[in-house]
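Lettering follows sequence order; numbering is per chain, from 1.
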Amino acid sequence: MAEPLLTLEGVHTHIGQYHILQGVDLALPKGGMTVLLGRNGAGKTTTLRTIMGLWKPSRGTVSFAGRPIGGLPTPDIAQAGIAYVPETMAVFADLTVAENMVLAARSGPVDPARLDWIFGLFPALKKFWQFPAGVLSGGQKQMLAIARAIAEPRTLILIDEPTKGIAPAIIEAMITAFAELKRETTILLVEQNFRFAASLGDHVAVMDDGRIVHRGAMADLARDEALQQRLLGLSLDTHQ
Amino acid sequence: GSAAAQTRDVKICLIAGRTGPLEAYAKQTEVGFMMGLEYLTRGTNTVAGMRIQVLVKDDQLRPDRGKALLEECYNDDGAALAVGTTGSPVALAMLPVAEEAKKILIVEPAVADSITGPRWNRYIFRTGRSSYQDALAAAASIPENEDVFIGMMGLDTAFGRDGVAAYKAALAAIRPRARIVAEEFAAGNTADFTPFAERLFAALKDRPGKRIIGFIWAGAHPMAKFVDMKPERFNIALAPGGNILPAMNAWKAFAGTEGGIYYYYDFPRNPLNDWLKAEYQKRHNAPPDFFVAGGFAAAAVVVAALEKAGSTDTEKLIAAMEGMTFQTPKGPMTFRKEDHQAMQEMYHFRIRPNGRDNDMLDLVRTIPASEMPLPITNGRRTN
Amino acid sequence: MPPVLETRDLTIRFGGHVAVDGVSCAFHAGTLTAIVGPNGAGKTTYFNLMSGQLAATSGQTLLDGDDISALGAAGRAQRGIGRAFQITNLFPNLTVGENVRLAAQARGRAKASLLSLWSSHRDWIAKADHYLEEVNLSGVRDTLAAALPHGDKRKLEVAIMMALEPQVFMFDEPTAGMSVDEVPVILDLIRKLKADGTKTILLVEHKMDVVRSLADRIVVLHNGRLVADGEPAEVIASPVVQEAYLGQAPKAVEATHG
Amino acid sequence: MTAAPAPASASDALPDIRHDYLPILLPVALSALALPFVGNPTTWVTLTVAALAMGMMIFVIASGLTLVFGLMDVLNFGHGAFIAVGAYIALSVLALLSGWVQADSLLWNLMALGLAVTVAMVGTGLLGLAFERVIVRPVYGQHLKQILITMGGLIVAEQLIHVIWGGDQKAMALPAALRGAVVIGEVAIERFRILTVAVGIVVFAAMILVLNRTRIGLLIRAGVENPEMVEALGYRIRRLFVGVFAVGSALAGLGGVLWALYRETLTAAIGGDVMVLVFIVIIIGGLGSVGGCFIGAILVAMMANYTAFLLPKVALASNILLMVAILMWRPQGLYPVAKR
Amino acid sequence: MNTLLSGDYPRSRILTGILAAIVLGLAFAPFLFSGAAAINTAAKVCIFIVLVASYDLLLGYTGIVSFAHTMFFGIGGYGVGLGLYAFGASWGVLALGILLALVVGVVLAFLIGLLSLRVRAIFYAMITLAVASAFLILATQFSEYTGGEDGRSFSVPQVLRPGYRLLDQPVFGTVINGRVLAYYLVFAMAVTLFLLALRVVNSPFGRVLQAIRENDMRAEALGYRVVYYRTVANCLAAGMAVLAGAMSAIWLRYTGPDTTLSFAIMLDILLMVVIGGMGTLYGAVIGATLFIVAQNYLQKLMATASTATEGIPLLPKLLHPDRWLLLLGLLFVLSVYFFPTGIVGRLRGKSG
Ligand SMILES: Nc1ncnc2c1ncn2[C@@H]1O[C@H](COP(=O)(O)OP(=O)(O)OP(=O)(O)O)[C@@H](O)[C@H]1O
Ligand SMILES: Nc1ncnc2c1ncn2[C@@H]1O[C@H](COP(=O)(O)OP(=O)(O)OP(=O)(O)O)[C@@H](O)[C@H]1O
Ligand SMILES: [Mg+2]
Ligand SMILES: [Mg+2]
């Protein structure tokens with residue numbers, strides 16, 4: 001395996017007095033998609049926020065493209081080529097959809113071809129282009145949050161539960177789009193929708209209690225129901 | 001020797017609005033008071049065997065605080081008498097405290113007429129001039145033998161309104177040919193005086209005879225804004241009241257403007273003022289200003305009264321002070337019996353051409369106290 | 001049996017955009033109706049109109065046969081319409097327990113009492129504890145709601161509505177972002193409600209298997225309009241749903257993990 | 001199962017964003033309404049022109065706060081401190097340049113003024129940098145604490161002015177060529193007001209250009225709503241905030257110079273005293289709209305002049321009445337910027 | 001004790017100690033400290049505890065930022081003051097004055113509340129600022145009735161005057177005169193009102209206020225009519241402020257705009273709430289005591305400091321008693337830095 005793009009070694013993160021991440025080790029190979037799974041409160045969001053510099057790791061190293069980024073200010077991390085879709089979506093409610101996109105494209109106006117691609121993926125964004133993002137429906141906000149992250153090519157995209165609240169038809173479209181996207185960039189995806197994760201993921205890591213408890217190829221996990229049961233407590237028959 | 005053995009300490013409170021918008025006034029009062037004591041006791045601070053100790057207190061221009069401080073003075077500090085204060089509202093709130101404590105309060109420099117008017121009590125003496133005395137001085141600076149039409153620009157507060165009313169009464173009393181034909185009142189924070197000027201110009205411009213706009217104002221003065229609107233187009237003159245030097249310095253370009261003033265360092269001719277001018281210049285590198293004279297006058301009362309009464313007993317002091325004449329940088333002042341207001345001379349000034357900072361007024365005339373018939377408004381009749 | 005909740009020609013427009021367009025629909029006690037439709041179809045807005053968060057441009061909402069169109073959100077909540085929100089909507093700086101207790105209090109008689117002590121109303125506290133237990137949150141009763149992980153916030157959202165003990169329950173994607181092992185907790189809860197037989201339950205959900213396993217009836221909204229309404233199997237099979245909502249042949253979807 | 005006909009594809013009704021000209025008409029309407037009541041046309045012209053100029057001055061004073069309060073959502077009572085400090089710095093500079101000030105040549109006068117303004121703006125700008133660091137940074141997003149801490153900053157600044165320049169009232173002499181008025185018929189227009197109008201228009205145009213043609217305005221608004229996300233998009237929002245704050249402070253300094261020159265006297269309280277007025281203008285404008293602030297300032301000035309001429313008693317409360325009336329009409333101000 | 005404190009204990013040992021010291025100090029102030037200055041300070045502390053607690057009800061518990069609180073304080077002061085001034089010093093007039101002021105205050109609070117509690121918080125704050133300044137203008141403009149800027153001095157009923165003697169013999173060296181009685185009247189009112197407020201915030205009603213502060217839209221969705229609760233909270237706080245104003249008038253025997261209506265007092269109240277700790281009524285006690293005592297003795301302290309630092313450049317100038325505002329300003333800044341959750345929050349620690 002080539003040099004990993006992103007590595008976390010023994011990362012600990014505290015939020016206030018709480019010790020949330022308790023030694024996370026993770027290596028993301030360049031290209032492809034790694035899926036981070038785990039039950040609620042396992043620390044998935046905290047891991048992404050730590051990579052992004054939104055929480056500072058109290059111990060351990062985070063390095064990106066061979067460069068340590070742990071402890072750097074968030075803007076520097078973003079400028080190094082990482083995009084982030086937060087769990088809360090964090091669309092700028094006062095700004096229009098268009099303005100949200102203007103800010104997402106740091107280097108200038110969004111490339112029209114790329115914009116068309118995004119509109120094809122999320123038609124609603126075109127329709128509400130001049131509306132304040134605050135009035136979008138839940139799913140539409142989620143679409144905008146993803147659109148922001150892909151407005152420009154990035155080396156690494158961190159996505160926290162993108163399918164939450166998205167209608168099945170759009171999820172299908174997203175699967176196609178992400179499949180395309182992961183050819184040009186690396187993606188770290190946190191997801192509860194196992195089907196979505198399974199159909200896209202190349203690698204998988206499972207978290208519990210602030211640690212990575214399983215690492216491997218996605219295909220292996222998808223095949224092994226017993227393992228799923230043990231790691232995720234899920235039974236795929238009744239729940240996706 | 002034995003004289004020193006007999007000296008005892010007498011405490012006197014000086015309360016002033018040392019912080020807040022009138023800080024500069026309070027400073028002057030305090031400096032004047034201290035210099036007055038120094039000069040009149042020849043630097044000993046001792047009079048008739050009593051060593052005067054001054055406790056200076058800051059009422060922050062707040063009536064409740066002024067009241068509390070005065071109580072503290074009389075009750076906790078055991079002051080024989082108190083002097084104060086800068087703001088009229090604070091002084092008015094303090095009056096009842098003096099009455100309760102049965103101790104003397106010398107009011108300086110608060111101007112409200114009611115201090116020696118309806119709200120007066122027998123423990124109150126005032127060295128400062130009243131609004132009405134200001135008005136009389138202003139009226140006395142109006143020409144006597146021609147028709148004069150006056151528009152008034154007043155501050156929209158009790159001070160401004162009382163001032164205009166007093167001015168009206170003063171004119172009626174000593175300048176019957178002068179008439180106030182328009183009164184405008186503006187808030188202290190007024191940004192634009194154009195509408196007020198327009199109203200006054202309109203009211204005056206077609207009047208036959210001399211036309212004047214008078215001001216009753218405290219704080220940032222609108223005079224310069226009126227000048228900028230060229231009242232001379234309509235043959236209108238401006239008559240600001242006197243003010244502290246920094247405020248008047250802004251007017252030095254308006255030569256010829258006349259008015260009445262309470263004190264200007266260059267006007268009175270007497271040894272006290274000569275000493276004050278020289279000494280103040282030496283210490284502060286500036287001539288003594290408006291309220292310095294007042295502070296000095298208050299000190300003069302303290303010294304004269306203690307000397308005359310020979311005791312700190314309130315009743316004896318009152319007896320000594322009623323009708324007492326004492327020397328100040330403004331010449332002699334006399335407390336009249338009925339309302340304990342100090343009767344004093346005032347000055348008619350004119351801004352001289354080519355005036356410089358702190359040197360810009362010419363004395364037109366000293367207005368003697370006798371020319372200013374101050375009515376008694378505290379309900380006491382002349383006996 | 002007369003419907004518990006009914007809308008007649010309910011419409012709301014935001015400027016030129018009609019988010020809910022003349023929707024007439026009736027909901028009965030003891031049934032669970034799933035409302036599905038593409039993103040932006042107007043599902044949440046339809047909920048907002050019924051629960052009073054938004055005022056309709058035209059049309060009526062009826063509860064137990066009474067026109068409640070003029071009533072605000074508080075009035076409707078008092079009359080028994082309960083609502084859980086799609087985008088979690090809690091009292092962030094109060095504890096989890098307090099969040100639920102406030103819901104219990106809202107239905108109590110002394111809810112606005114000025115001089116009694118809140119701690120003396122033990123029934124509210126007990127009720128709150130009960131519902132926290134039901135959603136597996138008793139362990140974090142004294143944590144501030146803001147510090148919960150996302151999935152737990154969703155559960156708290158549901159617990160708050162449960163503690164209101166309303167007549168009509170509106171769930172807006174209750175399981176979104178919830179980890180797979182927790183989903184059954186919520187689903188069991190909803191099943192229990194349904195089994196009670198007297199509650200009217202409305203559910204917006206994008207996960208078709210959840211819909212399929214719970215719903216007695218499916219209503220489809222599209223561009224603000226009601227485009228289909230009927231038995232689950234029938235509706236899911238209908239071409240309009242297949243095309244506008246599911247996007248692909250549903251068989252294929254199932255095949256991937258079946 | 002019942003099925004309605006399939007709807008037409010994605011509804012095309014997309015209302016375009018229309019420009020809102022009503023507020024712009026307000027000052028025009030107000031002045032037209034005042035004409036018959038004022039009666040005398042020359043008086044009316046005098047009042048109206050004076051109000052326009054005063055409005056510009058108020059706008060300049062308020063413009064910095066529009067940025068800081070409107071965009072960054074910081075309730076900065078300390079704005080008054082920058083007004084005062086700007087005025088005092090200019091006072092000192094003008095005192096040094098008294099030769100230029102007293103020269104009867106417009107050129108020299110303007111040079112002196114220009115220099116004073118520049119120094120004042122640089123000074124207040126730098127002060128703004130420090131103020132942001134020490135006072136404002138810990139309280140972004142917390143209105144209440146902002147009120148307290150910036151009020152504290154204002155008090156400290158005023159007291160330091162006392163210590164440095166002394167507590168007494170200062171005369172701020174207008175340069176010779178700017179004194180007095182231009183008289184056209186019976187209408188007198190103060191010279192200084194003409195200068196004010198020019199400055200006001202320049203400031204207005206510059207702000208509109210910068211905010212509309214660059215993404216700075218967007219970034220700040222987004223940054224106030226969610227600074228974390230703006231940083232996650234790769235922008236150094238803190239640095240931007242500092243910059244905007246410094247510019248806002250420099251504008252306050254400029255406003256302070258104009259204001260003191262107009263009043264021709266100044267005290268340390270000069271800034272604190274106009275703060276309520278400034279807040280009213282910004283609220284009327286819609287919290288952060290430069291255009292709204294501009295119109296609001298003119299409206300306030302006009303209302304003050306007309307009411308002072310027609311109903312002097314009402315003048316005291318004219319801007320409060322105006323604010324209430326406008327908020328009744330548009331509860332978010334003339335041009336609401338954000339839904340905070 | 002539980003009913004008295006409504007089950008809301010200080011929850012920190014140090015805090016309990018401080019509070020007990022304050023309460024005891026206030027209860028025995030006339031005997032513990034001698035002189036007019038001390039008893040004046042103690043009375044002012046009592047008055048401000050009520051005023052600050054009432055403001056905390058709005059700000060800390062309901063999340064309403066209002067700048068009109070001094071207006072209600074003023075209404076109380078003027079109600080009592082103008083009544084006694086116009087109709088003479090009797091208990092009947094005093095009671096009537098308080099009653100009228102309460103009615104006026106509560107009605108006004110109700111109206112403002114109805115009109116403007118629907119707008120955004122910051123607009124509400126500005127509207128109240130405008131209303132308060134309008135009220136101040138009104139109070140000074142109607143000078144025939146209110147005394148304008150000068151305010152009014154008046155007499156209180158005989159029993160409360162300094163000249164009155166309750167007992168011939170001094171008790172523990174203190175003469176029980178009318179001032180002492182007036183002090184105890186003020187003290188008793190303060191205790192009663194404070195305990196009442198404590199009860200209100202710990203009632204179901206009080207809890208709803210906190211919910212509204214956190215998320216008004218959610219509270220509405222639970223069936224709480226936000227406007228109703230906010231309006232009632234507004235009226236309660238206003239009523240309490242009116243009573244504080246009445247206490248102030250009784251004690252000072254003076255009422256005027258600078259004493260009750262000025263914006264400076266509004267800021268002081270804000271500072272006291274924040275120093276003490278928002279949303280904790282005990283914070284009002286601590287904030288008010290600390291602030292008033294500091295304010296009254298600050299200048300004396302500075303005088304000493306200034307003389308002590310003589311010779312050091314600039315420092316004596318900065319520490320000069322006339323620059324007390326400088327320290328006050330710094331206090332504003334430092335309080336936000338070091339007591340973001342107030343002293344009470346600090347003492348209780350994060351777990352509280
Ligand atoms: N701001 C905070 N303060 C305190 N604790 C927090 C905070 N944010 C998160 N936590 C705690 O950190 C732990 C991990 O949370 P995190 O959000 O990373 O979980 P997650 O795996 O993303 O869960 P979910 O799937 O529900 O989103 C949880 O126990 C949560 O309570
Ligand atoms: N205040 C508003 N102004 C303008 N448009 C609005 C407003 N509120 C909602 N909309 C629009 O109405 C439509 C319906 O929104 P709604 O939130 O009801 O969708 P939804 O069906 O719940 O979608 P999702 O499944 O994504 O949650 C959306 O297109 C949204 O943009
Ligand atoms: Mg998460
Ligand atoms: Mg929705």
Q: Any side-chain hydrogen bond (donor to acceptor under 3.5 Å, both in side chains) involving residues 133-143 of chain C? Give me the pairs, sequence neighbours left out, ordered by first then second residue.
A: C:D129-C:R141, C:E133-C:S138, C:E134-C:K192
(Q) So C:H206 and A:I166, do their side chains get closer than 4.5 Å, heavy atoms only? (A) no
Q) Rounded to the nearest 0.5 Å, how far does CZ of A:R39 lie from CE of C:M178? A) 14.0 Å
Q) Does the side chain of A:T45 come within less than 4.5 Å of C:H150's, by heavy atoms? A) no
Q: Quick one: which of A:G138, A:G165, A:G139 has the most heavy-atom pairs under 4.5 Å with chain C, could you say?
A: A:G165
Q | A:D220 CG: over 12 foreign heavy atoms closer than 6.0 Å | A | yes
Q: Indicate the atoms forming the closest heavy-atom contact of A:K141 with C:I87, along with that distance.
A: NZ-CD1, 3.8 Å
Q.
Rounded at 0.5 Å granularity, tell me how far NE2 in C:H17 sits from CZ in A:F128.
A. 4.0 Å
**Q.** Heavy-atom pair of closest approach, residues C:N39 and A:S137
**A.** C-OG, 4.1 Å
Q) Got a sec: does the CZ of C:R13 have more than 12 other heavy atoms crowding it under 6.0 Å? A) no
Q | Contact leader toward chain C among A:Q142, A:E191, A:Q140, where contacts are heavy-atom pairs under 4.5 Å | A | A:Q140
Q. Which pair of non-hydrogen atoms, one from C:G37 and one from A:A167, has the smallest distance, and what is that distance?
A. O-CB, 4.4 Å
Q: Find the distance between CG (A:L136) and OG1 (C:T44) and round it off to the nearest 0.5 Å.
A: 12.0 Å
Q) With a 4.5 angstrom heavy-atom cut-off, which part of A:K44 approaches chain C: side chain, backbone, both or neither? A) neither
Q. Heavy atoms under 4.5 Å from chain A: which residues of residues 153-162 of chain C carry them?
A. none
